Amino acid sequence: MWVDVIVEDVLKTRPQDRYVINDAKSPSGPIHVGSLRGVVLHDCILRGLAAADRPARFLFGFDDYDPMDSRPVAAPAEFDQYLGMPLSEVPSPAGGRGSFGRYYGLEFIEVWKHVGAHPEVYWTSEMYKSGKFNETIRTALDRAEDLIQIDREISGSQKADRHPVQPVCEHCGRVGTTVVVGWDGHQVEYECRPDKVTWAKGCGHRGKRSPFDGGSKLQYKAEWAAKWRILGVTIEGAGKDHMTKGGSHDVASAMVERIFNHPTPYPIPYEWFLVGGRKMSTSTGIGVPAAELVAILREELARFLMVRPHYRQQINFDPTGETIPNLYDEYDRAAAAFFGELEGKTPAETDLIRDHSRTFYYSRTNGEQPRCIRMRFAKVANLMQMPTVNLFDVAAKEKGAPLTAQDRSELQQRMEDARRWLGSYAPDHYRFQVQSSMPRVELSPMQREFLGQLAAVVAQQEWSGEELHNRIHDLKSQIGLKPKDAFSAIYLAFLGKDSGPQAGWLLASLDRAFVLARLRQASTAGVRGPFDSAQGRPGSEVR
RNA sequence: GGGCCGGUAGCUCAACUGGCAGAGCAGCGGACUCUUAAUCCGCGGGUUGAGGGUUCGAGUCCCCCCCGGCCCCCCA
């Protein structure tokens with residue numbers, strides 16, 4: 001299990017009494033699932049260290065003193081006027097008290113709570129304003145040339161003028177557009193340039209001000225390095241966009257070691273989290289916000305989805321198809337491993353089970369995960385479509401004992417998930433729909449005979465699902481029809497497909513007159529059309 | 001141009017520091033006269049993308065190449 005491997009390596013290569021884990025995000029719009037992967041990853045490391053009896057702090061910073069460099073699609077166009085200003089100084093897109101950055105930050109906090117992460121939150125705007133960055137800003141100004149040189153050297157970028165300090169313009173409030181042109185040890189001289197960046201227009205103001213206590217911010221690579229130093233960060237992973245060779249992490253790493261005199265935190269480069277193959281991007285608005293993932297998947301599954309694959313492996317989550325039932329099955333297997341319900345026959349199998357067990361451990365969203373019955377998701381989805389079937393009764397029967405409160409709530413959760421899945425993501429063949437007119441299907445003479453006799457049975461009286469089920473079995477034996485042929489005849493006549501939910505219950509749940517009419521019609525229907533014209537396309541016959 | 005990750009059964013993927021290539025699903029066959037999308041049993045002839053190399057032994061390590069996804073060289 002990769003978390004254990006990392007934790008072991010951290011303990012071995014960076015033996016320390018206390019660890020400080022850090023993660024951060026610029027809250028420039030709805031925060032996407034990729035960032036949630038980072039939170040979960042760091043939270044797992046925290047958990048692993050705690051289990052190894054190493055206390056650690058988990059910090060999460062919102063870089064809300066970063067300039068707004070684009071407008072999220074959801075925000076009104078008039079927000080363009082704020083481009084270049086710190087996110088903490090831009091009004092909230094929803095109105096109200098908080099800032100733009102605060103709004104999206106708080107939204108993200110809600111999401112990670114769902115997946116069981118509870119980092120300590122800090123906001124860089126507050127750190128700047130309260131002077132926490134002052135010392136590093138002074139260093140950055142004093143050694144600006146060295147920092148620029150490091151940037152050039154490590155990144156190989158020709159761009160000369162990436163000064164490590166960006167003053168906040170006293171005239172227009174922008175921070176993304178300013179350039180330092182002088183530093184006397186107390187104040188910085190700066191220009192707010194209209195053409196410094198393409199995404200914002202500086203006001204042209206030229207001025208002199210104190211860079212401290214919020215008067216400036218560090219350019220982001222220098223800021224990253226400074227934060228490591230100020231917060232004493234010892235472990236920090238980052239997405240691959242930062243972790244590429246010569247990328248921002250390499251630059252920040254050289255800066256923190258050569259200028260700020262602090263070792264680079266233990267790095268963990270992790271891969272993207274894609275949804276339906278598309279990259280998550282905060283600013284372009286493409287991709288799935290983290291909040292949406294939690295709406296698609298229950299919390300434990302959302303976390304499991306991020307914990308199960310190796311952190312260097314891309315996650316490509318596509319909620320359609322069999323993805324969710326499969327994920328549920330794997331989750332259940334991990335749970336079974338965790339609760340000691342599985343036994344390996346070979347050493348390799350035992351290892352794998354232990355692995356699954358660890359995965360479940362790290363996937364828990366709260367401390368205690370009750371042991372309870374876990375009815376297979378696909379089965380829940382199937383039975384749920386039978387109006388007369390009570391899932392709780394079925395589960396109790398299966399268990400052979402009354403359900404506990406945990407059993408019931410787990411089942412309830414699965415029913416909700418199944419309803420959502422069937423409504424939005426399930427492939428057609430998982431759904432069934434009674435056809436309102438006789439499907440054009442091919443039935444053998446024996447099958448028609450069977451359906452005709454079944455009509456006579458139905459005509460006798462009102463049957464319960466179970467009784468009807470028994471009658472169906474009696475009838476198919478009496479006629480000498482194979483079970484498969486008998487049942488598929490029913491399904492074909494009603495659903496237009498050759499399989500379906502438990503036939504007795506299905507018929508009992510339908511209007512009796514309708515059932516009678518359909519059975520009679522099917523029993524006399526001639527052979528029509530190609531067999532596969534009605535195959536696998538439920539609903540195609542509905543008018 | 002540089003970097004990361006993938007390529008293993010029809011599909012989705014496993015295989016700890018090299019040590020007999022495995023699961024799930026799908027498929028096929030069979031059983032089951034309370035549940036035929038249930039349950040149970042059985043069934044896998046894979047050049048592990050190609051080619052070299054190291055090794056007693058390579059899916060695993062090294063080199064090179066091909067294919068796919070992505071990242072960096074704008075911003076943060």
Side-chain angles (χ1 to χ4, degrees), chain A residues 1-2 4-5 8 24-28 63 65-70 84 87 155-159 162 176 196-200 217 219-221 223-224 239-251 269-272 274 277-279 282-283 308-316 318 321-323 325-327 329-330 332-333 346-352 354-356 376 378-379 381-383 385-386 389 394 397-398 429-432 465-478 482-488 490-491 495 497-506:
Chain A
M1 172 54 190
W2 59 268
D4 291 328
V5 173
E8 202 177 305
K25 179 79 184 94
S26 186
S28 56
D63 295 330
Y65 221 43
D66 287 358
M68 177 170 159
D69 62 359
S70 66
L87 295 165
S155 71
S157 169
Q158 307 91 326
K159 224 176 166 175
R162 206 141 25 183
K196 184 195 171 193
V197 293
T198 54
W199 40 271
K217 86 177 286 291
Q219 197 273 339
Y220 96 106
K221 295 178 197 178
E223 180 180 282
W224 201 2
K240 73 190 291 187
D241 50 341
H242 298 288
M243 296 307 253
T244 197
K245 191 174 183 182
S248 54
H249 188 272
D250 279 358
V251 174
Y270 57 86
E271 258 288 353
W272 295 108
L274 316 178
R278 287 185 312 174
K279 186 174 94 71
T282 307
S283 50
R308 181 183 51 130
H310 193 272
Y311 64 105
R312 298 293 291 257
Q313 230 167 333
Q314 221 174 59
I315 297 174
N316 191 353
D318 179 353
E322 319 254 336
T323 303
N326 285 341
L327 190 65
D329 285 348
E330 280 162 30
D332 288 348
R333 206 170 305 135
T346 63
E349 224 172 271
T350 306
D351 279 355
L352 203 60
R354 198 184 47 228
D355 223 59
H356 287 160
R376 202 168 173 214
K379 185 175 182 176
N382 181 35
L383 293 178
Q385 296 177 84
M386 296 294 310
V389 171
V394 174
K397 202 167 171 185
E398 210 169 73
H429 71 274
Y430 277 93
R431 302 194 188 103
F432 55 79
E466 190 164 352
E467 290 166 338
L468 200 50
H469 175 81
N470 289 330
R471 296 286 84 75
I472 291 169
H473 271 285
D474 291 345
L475 201 54
K476 72 121 196 341
S477 310
Q478 209 176 305
K482 284 167 119 177
K484 183 167 192 156
D485 294 330
F487 282 95
S488 63
I490 295 171
Y491 298 131
L495 308 177
K497 344 194 281 176
D498 64 0
S499 64
Q502 302 135 304
W505 283 265
L506 172 66

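Lettering of chains follows the sequences in order, A, B, ..., and the numbering in each one begins at 1. Every heavy atom of this structure was used, including side-chain atoms; hydrogens, water molecules and symmetry mates were not. Only a predicted model underlies this, so the values are computations on that prediction, with no experimental measurement involved.
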_Sugar-phosphate only, base, or nothing, as touched by A:K221 at under 4.0 Å among non-hydrogen atoms_ = nothing
_Restricting to salt bridge (Lys or Arg N to Asp or Glu O under 4.0 Å), what partner residues turn up for A:K221, sequence neighbours left out?_
A:D151
*Could you give the distance separating B:U60 and B:G18 at their P atoms, to the nearest angstrom?*
12 Å
*When rounded to the nearest 0.5 angstrom, what is the spacing between NE2 in A:H242 and OH in A:Y270?*
7.5 Å
_Restricting to salt bridge (Lys or Arg N to Asp or Glu O under 4.0 Å), what partner residues turn up for A:R471, sequence neighbours left out?_
A:D474
*Give a yes/no answer on whether the side chain of A:R162 brings an N or O atom under 4.0 Å of OP1 or OP2 in B:C74.*
no
*asked:* I need the NE2-C1' distance between A:H356 and B:C16, as an integer number of Å.
replied: 13 Å
*Rounded C1' spacing from B:U36 to B:C40 in Å*: 13 Å
*Using the C1' atom in both, what is the distance from B:C62 to B:G30, to the nearest Å?*
50 Å
*If pairing requires Watson-Crick or G-U wobble contacts with both distances under 3.5 Å, which nucleotide is the partner of B:C70?*
B:G3
*asked:* Considering every strand and a 4.0 Å limit on heavy-atom distances, what is the contact class for A:Q219: base, sugar-phosphate, or nothing?
replied: sugar-phosphate
*asked:* In whole Å, I'd like the distance from the CG atom of A:N326 to the C1' atom of B:C13.
replied: 10 Å
_Comparing A:H310 and A:Y220 on RNA chain B - which has the more 5′ nearest nucleotide_ = A:H310
*In whole angstrom, what separates A:L327's CG from B:G24's P?*
17 Å
*Check every strand shown and say whether A:R376 touches a base, only sugar-phosphate, or nothing at a heavy-atom separation below 4.0 Å.*
sugar-phosphate
*In the structure shown, which nucleotide is the Watson-Crick or G-U wobble counterpart of B:U60, with both distances under 3.5 Å?*
none
*Does the side-chain contact (heavy atoms from CB on, under 4.5 Å) test come out yes or no for A:Y220 and A:S248, once each step is laid out?*
CA-CA 9 Å; A:Y220 96 106; A:S248 54; 2.9 Å; yes
*Which residues satisfy the salt bridge (Lys or Arg N to Asp or Glu O under 4.0 Å) test with A:D250, sequence neighbours excluded?*
none
*Ring of A:H242 versus six-membered ring of B:A76: centres under 5.5 Å and planes under 30°?*
yes
*Taking CZ from A:R308 and P from B:C13, how many angstroms apart are they, rounded to a whole number?*
9 Å
*Gap in Å between the two P atoms, one belonging to B:C28 and one to B:C70, rounded*: 36 Å
*Measure the distance from NZ on A:K379 to C1' on B:U39 and round it to the nearest whole Å.*
8 Å
Polar-atom pairs under 3.5 Å, protein N or O versus N or O of nucleotides 2-5 of chain B: list them with distances, or write none.
from	atom 1	to	atom 2	distance (Å)
B:G2	N2	A:T244	OG1	3.0
B:C4	O3'	A:R312	NH2	2.9
B:C4	O2	A:K240	NZ	3.1

*What's the CG-P distance between A:D355 and B:G22, to the nearest Å?*
18 Å
_Separation between the P atoms of B:A23 and B:A15, rounded to whole Å_ = 15 Å
*Using the P atoms only, state how far B:U47 lies from B:G22, rounded to an integer number of Å.*
15 Å
*What interatomic distance, in whole Å, is found between C1' of B:G10 and the corresponding atom of B:C71?*
33 Å
*If you find the nucleotide of RNA chain B closest to A:R333 and the one closest to A:P309, which residue's nucleotide is nearer the 5' end?*
A:P309
_Just to verify, what does A:D329 make a salt bridge (Lys or Arg N to Asp or Glu O under 4.0 Å) with, not counting sequence neighbours?_
A:R376
*Write down the distance separating the C1' atoms in B:A38 and B:C32, rounded off to the nearest Å.*
11 Å
*A:D241 has an atom CG; how far is it from atom P of B:A76, in whole Å?*
14 Å
_The criterion is side chain to side chain donor-acceptor pair (under 3.5 Å); which residues satisfy it with A:H356, sequence neighbours excluded?_
none
*Can you tell me the pairing partner of B:G42 across any strand shown, Watson-Crick or G-U wobble, with both distances under 3.5 angstrom?*
B:C28
*Considering Watson-Crick and G-U wobble pairs with both distances under 3.5 Å, what does B:G18 pair with?*
none
*Would you mind checking if A:E271 and A:R312 are paired as a salt bridge, meaning a charged N to carboxylate O distance below 4.0 Å?*
no
*Starting at NZ of A:K217, measure out to CG of A:D66 and round the result to the nearest 0.5 Å.*
4.0 Å
_Complementary nucleotide for B:A23 - Watson-Crick or wobble, under 3.5 Å_ = B:U12
*So what does A:D329 touch, heavy atoms closer than 4.0 Å: a base, only the sugar-phosphate, or nothing?*
nothing
*Atom-pair distance (CE on A:M1; P on B:A14), nearest Å*: 13 Å
